[in-house]
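What you are looking at is a predicted structure, and each value in this text was computed from that prediction instead of being measured.
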Amino acid sequence: MSSRNAGTLLYLTVLMLVAAIPATSQSFRVQCPTSTITHPSSLTNVNAEPAYNGPTTLATTAGGYLAPSGNVNGAIKCQQISGGDGYATMGDGTQTYLFSFGPLSGLVDIAKGLPGTQNPSVFNTPYSGASLQPGDPATTGLPGFTYNGAIGQVIDADCVADNAAAVAAGTPLPCPNLPANGVDGHVDPRQIMDVGVMNGNIPAPLMAIDEDDEFFLTLTNVGMIMRPDLFEQHTVHFHGYPNASSFYDGVPDASVAINIGGSFTYYYLAPDAGTYFWHCHITPPEHLQMGMVGQIYVRPRQNRVPSGNSLHAALLAQQGDLRTACTPAVDILCTNPVPPDNGVTRATAGNYAYNDGDGSTYYDVEYPIQIHGFDPNFHFVGMTFNPEGFADMKDKYFLLNGRSYPDTVTPGPMQTEAVDGVNHFSQPLNSIINITAGQRALLRISDLDVTEYQTLASLGIPMQVIAINAKLLRDQAGNNLYYTTNSITLGGGESLDVILDSCAVRAASGTCTTPMATGTYYLYTPNLDHLSNDAENFGGLMTEVHVN
């Protein structure tokens, strides 16, 4: 029997076994509450970001803890991902085996290159329509596939029936906390396995939240079909992310690890704005090299300041929030001091990368750029039951958002056929940077390479570096320390926020008086051996900037 047929047989066997699991005994669950202590639905709409008009109003409850009593900032966001394996297509056409995370919610948005993070009203919507197929949405196709909710999310029919019987009999409800729509985290494991198995993405599903949000991230371990001998656990570790609880940190020594056939929901209260990233923390050198890496970014409160309001006053108001107050006189580690008031007000369009208080991190469009490298031999032996040579690890494939040039500028999601015989959206995120002449583009750049430092250079458009490792470049007196360069270098585990300005001359007001010439510019690595993928004439770290 060929390895392909053996893999397909194993895949079908797993599906049959999972389909046979009784609904009451399966261990997959998802969580996306519609009301919490921090975001009570009685005080705020948890499905929308409210305007920022000052800190959340808190009061001491009868239980002795602080809880919102008036103005509530932020919302509730949720996402579900799978931990498993899959394949990706390299620039020379080679199909490379991955340990990988895949999307189990927000599938349509992820296929469009957007974050898969959803509000409860979308996440908690059960799937309806024709049966889900392995490889969806690549199998069913876009735009016909429109479901952005959590895969497997179903109505808890047992609880609905039991509650109805209790009401008829006048007895206490056996499921008193069941939401009105009957969705309480109960899932159909068959749907999860159909979509999650062999559905690995590189990079992992993109996540994005706003300051003050509560984020519920469910990781479901669907197993590694190509490596049935491995009973690999997986975790999510937000690298450099100031998480208050080690229980949700993803380092198994201090928290938990998720077994095959199980789910775990991580909880985060969004920290300061910035570009962060995440990875699996089980044998990190192996799982990172094999592809279990992704990006998350946090959008600032300043984006929610009403148009025309003072940005300086809004940043001063944030000092009243005990969780994020930043006063150098009190906190010597303050990373975002208040700058002098320059009179700038919230623009009617565009957004900001940070709570800058002076409008200096304004941008019109944003693009996540994740750098990664693969050792093809390491991936091959990782699939074929051979010992992996950690000491000999040497990257030969160099990737931007999981692709190398010219795939970096191929529109739409890239597909790869896996051993189940169907296509999967293996690399949904391209790296094309489109800017209208005169606009500013924010590049959220992170490097999760295991073995190499990586350099990116910009030809024709200077790069303004505004933040390193999710920290705004500003001194304790509030002076901006941004710098302009034509190249940046990152090591594994670093991030940079960079603004490309397609305006040659700007007035003091910020208005562009002389836009740059339209055309195609390049963002590439000057390390020539990183411009090939294991063979000559196939591009590595390079993409295009289109000024339109």
Side-chain angles (χ1 to χ4, degrees), residues 49 51-52 54-55 73-74 115 207-213 238 240-242 268-277 295-307 309-321 323-328 331 333-347 349-369 439-446 463-485 488 490 494-501 510:
E49 294 291 336
Y52 185 82
N73 286 303
M207 305 172 187
I209 52 181
D210 296 81
E211 274 191 281
D212 302 303
D213 283 351
F238 282 174
Y241 187 101
Y268 310 95
L269 186 61
D272 294 338
T275 299
Y276 304 87
F277 41 89
Q295 190 179 96
I296 178 171
Y297 52 85
V298 181
R299 295 171 289 227
R301 292 172 178 146
Q302 190 164 292
N303 285 351
R304 310 197 303 272
V305 172
S307 176
N309 284 23
S310 166
L311 296 182
H312 188 266
L315 187 54
L316 285 175
Q318 292 192 39
Q319 309 312 309
D321 189 307
R323 187 173 64 85
T324 57
C326 190
T327 307
D331 180 7
L333 297 178
C334 174
T335 58
N336 189 16
V338 179
D341 186 0
N342 61 356
V344 174
T345 59
R346 172 71 168 105
N351 285 304
Y352 303 90
Y354 288 85
N355 296 304
D356 52 54
D358 59 8
S360 58
T361 66
Y362 174 89
Y363 65 89
D364 298 283
V365 291
E366 68 179 341
Y367 295 96
I369 303 289
Q439 287 188 340
R440 289 158 60 91
L442 171 67
L443 307 186
R444 299 183 178 272
I445 304 174
S446 61
M463 296 189 286
Q464 184 184 47
V465 180
I466 61 170
I468 296 176
N469 295 331
K471 302 301 180 186
L472 193 65
L473 289 175
R474 178 171 286 174
D475 68 16
Q476 295 299 292
N479 300 306
N480 292 331
L481 301 178
Y482 313 155
Y483 64 92
T484 301
T485 180
I488 54 172
L490 299 87
E494 292 187 317
S495 69
L496 291 176
D497 289 291
V498 172
I499 289 179
L500 297 182
D501 192 348

Nearest 0.5 Å please: distance from the [atom1] atom of [X] over to the [atom2] atom of [Y].
{"X": "Leu473", "Y": "Leu481", "atom1": "CG", "atom2": "CG", "answer": "6.5 Å"}
{"X": "Ser310", "Y": "Leu315", "atom1": "OG", "atom2": "CG", "answer": "9.5 Å"}
{"X": "Ile499", "Y": "Leu443", "atom1": "CD1", "atom2": "CG", "answer": "9.0 Å"}
{"X": "Asn73", "Y": "Gln318", "atom1": "CG", "atom2": "CD", "answer": "9.0 Å"}
{"X": "Leu496", "Y": "Ile488", "atom1": "CG", "atom2": "CD1", "answer": "5.0 Å"}
{"X": "Ser360", "Y": "Tyr352", "atom1": "OG", "atom2": "OH", "answer": "9.5 Å"}

Looking only at heavy atoms, which two atoms of [X] and [Y] are closest? And how far apart?
{"X": "Asp210", "Y": "Ala270", "answer": "O-CB, 3.3 Å"}
{"X": "Pro340", "Y": "Gly478", "answer": "CD-O, 3.9 Å"}
{"X": "Tyr354", "Y": "Ala470", "answer": "OH-CA, 3.4 Å"}

Counterpart residues, side-chain contact (heavy atoms from CB on, under 4.5 Å), relative to [X] (two or more places apart):
{"X": "Thr324", "result": "Glu211, Asp272, Arg301, Asp321"}
{"X": "Ser307", "result": "Thr348"}
{"X": "Pro115", "result": "Thr117, Leu206, Ala208, Tyr297"}
{"X": "Asp341", "result": "His312"}

Among all residues two or more places apart in sequence or in another chain, which pass the ring-ring contact (aromatic ring centres under 6.0 Å, His included) test with [X]?
{"X": "Phe277", "value": "His239"}
{"X": "Tyr482", "value": "none"}
{"X": "Tyr367", "value": "none"}

| task | Just do the side-chain contact (heavy atoms from CB on, under 4.5 Å) check on Leu311 and Thr345 with the steps written out, would you? | result | CA-CA 5 Å; Leu311 296 182; Thr345 59; 5.8 Å; no

| query | Distance only, no hydrogens: is a donor on one side chain within 3.5 Å (strictly under) of an acceptor on the other, for Arg474 and Asn480? | reply |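 The answer is yes; a qualifying pair exists.
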
| said: Quick one about Thr484 and Gln464 (side-chain donor to acceptor, distance below 3.5 Å, no hydrogens or angles considered), yes or no? | reply: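 No, no side-chain donor-acceptor pair sits under 3.5 Å.
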
| Does the side chain of Glu494 reach to within under 4.5 Å of the side chain of Ile468, using non-hydrogen atoms? |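 No, too far: nothing below the 4.5 Å cut-off.
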
| Note, Tyr362 side chain near Asn351 side chain (heavy atom, < 4.5 Å) |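 Side chain of Tyr362 against side chain of Asn351, heavy atoms only: no contact under 4.5 Å found.
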
| Considering residues at least two apart in sequence or located in another chain, which fulfil the side chain to side chain donor-acceptor pair (under 3.5 Å) criterion with Asp356? |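 With sequence neighbours excluded, Asp356 shows a side chain to side chain donor-acceptor pair (under 3.5 Å) to Gln302, Thr361, given in chain and number order.
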
| task | Quick one: list whatever passes side chain to side chain donor-acceptor pair (under 3.5 Å) with Asp475, sequence neighbours left out. | result |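 For Asp475, the residues satisfying side chain to side chain donor-acceptor pair (under 3.5 Å) (neighbours in sequence not counted) are Asn479.
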
Residues forming a salt bridge (Lys or Arg N to Asp or Glu O under 4.0 Å) with [X], sequence neighbours excluded:
{"X": "Asp364", "answer": "none"}
{"X": "Arg444", "answer": "Glu366, Asp497"}
{"X": "Glu49", "answer": "Lys77, Arg304"}

| side-chain contact (heavy atoms from CB on, under 4.5 Å) between Met207 and Tyr268, worked out | CA-CA 12 Å; Met207 305 172 187; Tyr268 310 95; over 6 Å; no

| Just one of Ile445, Ile466, Thr485 clears the side-chain contact (heavy atoms from CB on, under 4.5 Å) bar with Val498, so which one? |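 The single option meeting the side-chain contact (heavy atoms from CB on, under 4.5 Å) with Val498 is Ile445.
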
| Gly74 backbone acceptor or donor facing Asp213 side chain under 3.5 Å |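 Here the side-chain-to-backbone pair does not exist.
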
| Steps toward side-chain contact (heavy atoms from CB on, under 4.5 Å) verdict (Leu500, Arg440) | CA-CA 6 Å; Leu500 297 182; Arg440 289 158 60 91; over 6 Å; no

